[in-house]
2 protein chains.
Amino acid sequence: MVTLEDVARQAGVSLATASRVLNGSTRQVGAGLRARVERAADELGYRANIAAQTLARGSSNVIGIVVHDLTDPYFAALADGAMRAAATEGLLVMVGTTHRDPEQEIAYVATLNAQRVRAVLLAGSRVADQAVTGRLRDELARYRDSGGRAACVGQDLLGVDTVAPANREGAGELARALAGLGHTRFAVLAGPPHLMTAADRSAGFAAALRELGLPAPQVIHGPFDRDGGYAAARQVKDATCVFAVNDVMAVGALAAYRERGVRVPDDVSVAGFDDIVTLRDHVPALTTVRLPLADMGARALELALNEEEPVVVEHVAGEVVLRESVRRIA
Amino acid sequence: MVTLEDVARQAGVSLATASRVLNGSTRQVGAGLRARVERAADELGYRANIAAQTLARGSSNVIGIVVHDLTDPYFAALADGAMRAAATEGLLVMVGTTHRDPEQEIAYVATLNAQRVRAVLLAGSRVADQAVTGRLRDELARYRDSGGRAACVGQDLLGVDTVAPANREGAGELARALAGLGHTRFAVLAGPPHLMTAADRSAGFAAALRELGLPAPQVIHGPFDRDGGYAAARQVKDATCVFAVNDVMAVGALAAYRERGVRVPDDVSVAGFDDIVTLRDHVPALTTVRLPLADMGARALELALNEEEPVVVEHVAGEVVLRESVRRIA
DNA sequence: ACCTCCCTGGAAAGCGATTTCCCAGTCTGC
DNA sequence: GCAGACTGGGAAATCGCTTTCCAGGGAGGT
């Protein structure tokens with residue numbers, strides 16, 4: 001393994017000079033020596049040891065992103081946005097997946113802290129469990145105390161900069177739009193009760209119906225994924241419009257209806273939330289609430305990197321997109 | 001920032017003892033001291049500095065994965081498989097996305113080398129450009145010379161352990177299956193000519209048709225993504241069956257047909273390649289060649305970590321899955 | 001009893017960079 | 001022509017941890 005010392009010796013200069021040439025510095029180095037060093041580094045195939053640099057400099061150029069599941073397009077979009085932003089800043093990215101285990105999330109933050117990463121991004125919904133959220137908060141606080149920066153996408157519960165999607169409001173607006181089509185009997189495929197994103201969307205939807213003087217929706221809990229939507233859809237009774245709290249659940253519901261010969265939107269209307277790009281060619285096209293996921297990821301990174309003192313919470317509005325999975329009824 | 005020295009002082013032991021207690025060692029430490037150290041670490045909130053550990057140990061517990069695009073479900077599945085495998089080994093993951101720029105890929109390998117990561121995984125198709133492949137090879141060789149391990153998923157061109165999907169054979173088998181349904185006039189949405197995965201699939205398909213004594217397909221080149229499939233589908237003339245060299249292109253093609261009122265599979269049959277999970281509820285269900293992507297990712301990591309000397313190339317067969325996007329014709 | 005041998009604990013030498021000093025030479029202004 | 005400011009170069013301290021080496025004490029064998 002070629003070290004800087006090897007390069008310096010080969011070039012006949014000191015370690016200091018070699019370092020200044022190759023790894024940047026405020027100080028100048030004469031053109032002659034500079035060329036010698038560069039040639040030596042090239043000949044030897046020198047690659048700086050980043051661990052050593054990190055140690056010496058006391059800071060790294062790595063950021064960490066923690067998501068639940070990379071194969072979920074929601075997180076993939078978020079992570080992609082953040083990674084593009086990171087790339088423009090010359091930062092490297094460590095990605096951790098928790099597969100929805102909050103303990104893993106805490107463990108990952110600890111590990112990223114140990115890595116002395118420049119910033120940590122937490123994407124993904126919080127759970128209602130106060131104890132576990134508290135421990136995550138503590139771990140994050142410890143990281144920030146030692147100079148780390150952090151941000152999160154989701155609920156503002158961690159005491160860090162947050163990009164908060166307007167889940168309640170978006171779901172409410174969706175409810176009003178659907179009611180505007182004449183629907184009165186609704187069902188909500190509500191996901192797990194302890195998952196805050198799911199709960200907020202469900203609650204926002206129900207609240208809007210209440211304001212409109214419409215009957216409360218049938219609420220069906222279950223997993224937050226495609227199969228959860230599939231299973232929940234089978235329990236719906238007597239609704240003309242079904243709201244799944246995310247798009248992949250909505251797709252599961254559509255699949256369940258298709259199998260049973262229930263036509264969408266003729267027999268029942270279905271809507272989701274997120275506007276996942278991969279689903280843009282789904283048939284029927286899914287009515288949903290669009291969230292600018294990639295932007296949110298990028299924005300979260302910006303917030304994390306930003307030096308400002310007070311903790312910032314930024315709300316991101318969703319936009320209702322009506323497509324063919326819903327129809328007006330008499 | 002709390003250092004090991006702080007902990008040692010607080011516990012009243014030497015640096016060496018503290019290190020042995022907290023960060024593992026072959027050596028034993030007496031129960032009394034051990035407890036004191038652990039308590040001190042806990043009170044102070046000590047987190048080992050991994051950069052320092054990496055430097056001192058000369059090896060890290062990080063692996064690198066380089067993919068083209070995380071929002072592409074193909075790469076997400078591959079990366080997810082590799083990340084699960086990494087997690088069971090206690091390894092951390094750095095993910096880099098190149099957005100299909102080969103230069104970025106080379107740069108990322110250099111960076112991962114600088115990080116002294118334990119292993120590097122390259123996922124994603126090679127390009128036909130010899131020069132750029134050569135430079136990537138060189139960079140990889142330099143990394144391996146200094147003790148790094150590497151593996152790749154795709155074409156065996158880099159001189160490293162490889163998990164090679166049987167693109168040619170899979171496409172050939174698909175062609176035979178489709179011919180078995182009575183099709184004789186084919187079109188291939190072939191993707192970019194320089195992308196080897198695309199080229200292999202296209203060639204395998206054409207070769208099988210030739211063997212069967214059928215006319216050569218119409219070959220249409222274009223981008224390797226959904227929009228590429230969409231655009232290419234519009235140029236198809238006079239084929240009863242269209243093979244898109246990956247699933248997302250096939251979805252684009254289906255969208256194009258739907259818009260133009262061409263019914264699938266009644267008017268034209270469509271098939272893809274990969275069997276992307278996210279598309280499992282697509283209508284019509286897509287005929288494709290299934291690749292065990294998550295397993296391939298995990299297997300690639302295994303190969304990379306494995307110490308064996310000779311470079312291993314493992315072929316992975318695809319499985320033809322006939323679904324409703326194709327039909328038998330007279 | 002005596003001599004190994006094993007075990008535990010500590011001192012100190014790295015790991016590969018960065019960066020602070022210090023030094024000598026060159027410019028500049030007067 | 002000279003003091004003072006600048007400049008480019010090198011020696012060495014430093015970052016936080018691991019690990020070798022050494023020392024001392026107790027166990028076990030004869």
Side-chain angles (χ1 to χ4, degrees), chain A residues 1-38 40-41 44-62 110-111 113-118 146-148, chain B residues 1-38 40-41 44-62 110-111 113-118 146-148:
Chain A
M1 182 140 304
V2 183
T3 72
L4 189 58
E5 195 174 351
D6 300 334
V7 175
R9 194 177 321 118
Q10 166 114 350
V13 301
S14 75
L15 213 51
T17 302
S19 170
R20 298 201 258 253
V21 170
L22 295 175
N23 301 319
S25 154
T26 51
R27 297 218 0 203
Q28 297 285 321
V29 173
L33 291 192
R34 150 162 260 115
R36 292 223 315 262
V37 171
E38 275 164 354
L44 267 43
Y46 171 72
R47 288 279 172 266
N49 182 327
I50 295 200
Q53 283 187 327
T54 301
L55 181 56
R57 296 211 250 248
S59 89
S60 75
N61 64 336
V62 177
T111 306
N113 185 354
Q115 291 268 356
R116 302 295 189 272
V117 297
R118 249 264 264 286
S146 56
Chain B
M1 182 141 303
V2 183
T3 71
L4 188 58
E5 194 172 354
D6 300 333
V7 174
R9 194 176 321 118
Q10 165 115 347
V13 301
S14 76
L15 214 51
T17 302
S19 169
R20 296 200 259 253
V21 170
L22 295 174
N23 301 320
S25 153
T26 51
R27 297 231 344 220
Q28 296 286 321
V29 173
L33 291 192
R34 149 162 261 115
R36 290 222 318 261
V37 171
E38 275 164 354
L44 268 43
Y46 171 71
R47 289 278 173 267
N49 182 326
I50 294 200
Q53 282 186 326
T54 300
L55 181 56
R57 294 209 250 250
S59 89
S60 77
N61 62 337
V62 176
T111 307
N113 185 355
Q115 290 268 357
R116 302 297 190 269
V117 297
R118 256 257 264 293
S146 56

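Only heavy atoms go into these numbers, but all of them, side chains included; no hydrogens, no water, no symmetry mates. Protein chains get the first letters and strands the later ones, always in sequence-line order, with residue 1 at the start of each.
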Intermediate values then yes/no, side chain to side chain contact (heavy atoms under 4.5 Å, CB included), E38(A) and V21(A): CA-CA 7 Å; E38(A) 275 164 354; V21(A) 170; 4.0 Å; yes
Could you write out each protein N or O paired with an N or O of nucleotides 15-19 of chain D at a distance under 3.5 Å?
unit_1, atom_1, unit_2, atom_2, d
dC17(D), OP1, Y46(B), OH, 2.6
dC17(D), OP1, N49(B), N, 3.2
dC17(D), OP2, L4(B), N, 2.3
dT18(D), OP1, Q53(B), NE2, 2.7
dT18(D), OP1, R57(B), NH1, 3.4
dT18(D), OP2, S19(B), OG, 2.5
dT18(D), OP2, N23(B), ND2, 3.1

Under 4.0 Å, heavy atoms only, any strand: does G58(A) hit a base, just the sugar-phosphate, or nothing? nothing
Drop me the distance from [X]'s [atom1] to [Y]'s [atom2], to the nearest 0.5 angstrom.
{"X": "Q10(A)", "Y": "R36(A)", "atom1": "CD", "atom2": "CZ", "answer": "10.5 Å"}
{"X": "S14(B)", "Y": "E5(B)", "atom1": "OG", "atom2": "CD", "answer": "11.0 Å"}
{"X": "S59(A)", "Y": "Q53(A)", "atom1": "OG", "atom2": "CD", "answer": "10.0 Å"}
{"X": "Q115(A)", "Y": "S60(B)", "atom1": "CD", "atom2": "OG", "answer": "8.0 Å"}

What N/O pairs connect the protein and nucleotides 25-27 of chain D at under 3.5 Å? Give each pair on its own line.
none

Whole-Å distance between dT19(C) P and L22(A) CG? 14 Å
Please state how far atom CZ in R27(A) lies from atom C1' in dT20(C), giving the value in whole angstrom units. 10 Å
Does the side chain of [Y] come within less than 4.5 Å of [X]'s, by heavy atoms?
{"X": "Y46(B)", "Y": "L4(B)", "result": "yes"}
{"X": "S146(B)", "Y": "V2(A)", "result": "no"}
{"X": "N49(B)", "Y": "T3(B)", "result": "no"}

Would you name the heavy atoms of A18(A) and V37(A) that are closest together and state the gap between them? CA-CG1, 4.0 Å
For nucleotides 5-7 of chain C, which of its nitrogen or oxygen atoms have a protein nitrogen or oxygen under 3.5 Å away, and what is each distance?
none

Apply side chain to side chain contact (heavy atoms under 4.5 Å, CB included) to M1(B) and R116(A), showing your working. CA-CA 10 Å; M1(B) 182 141 303; R116(A) 302 295 189 272; 2.7 Å; yes
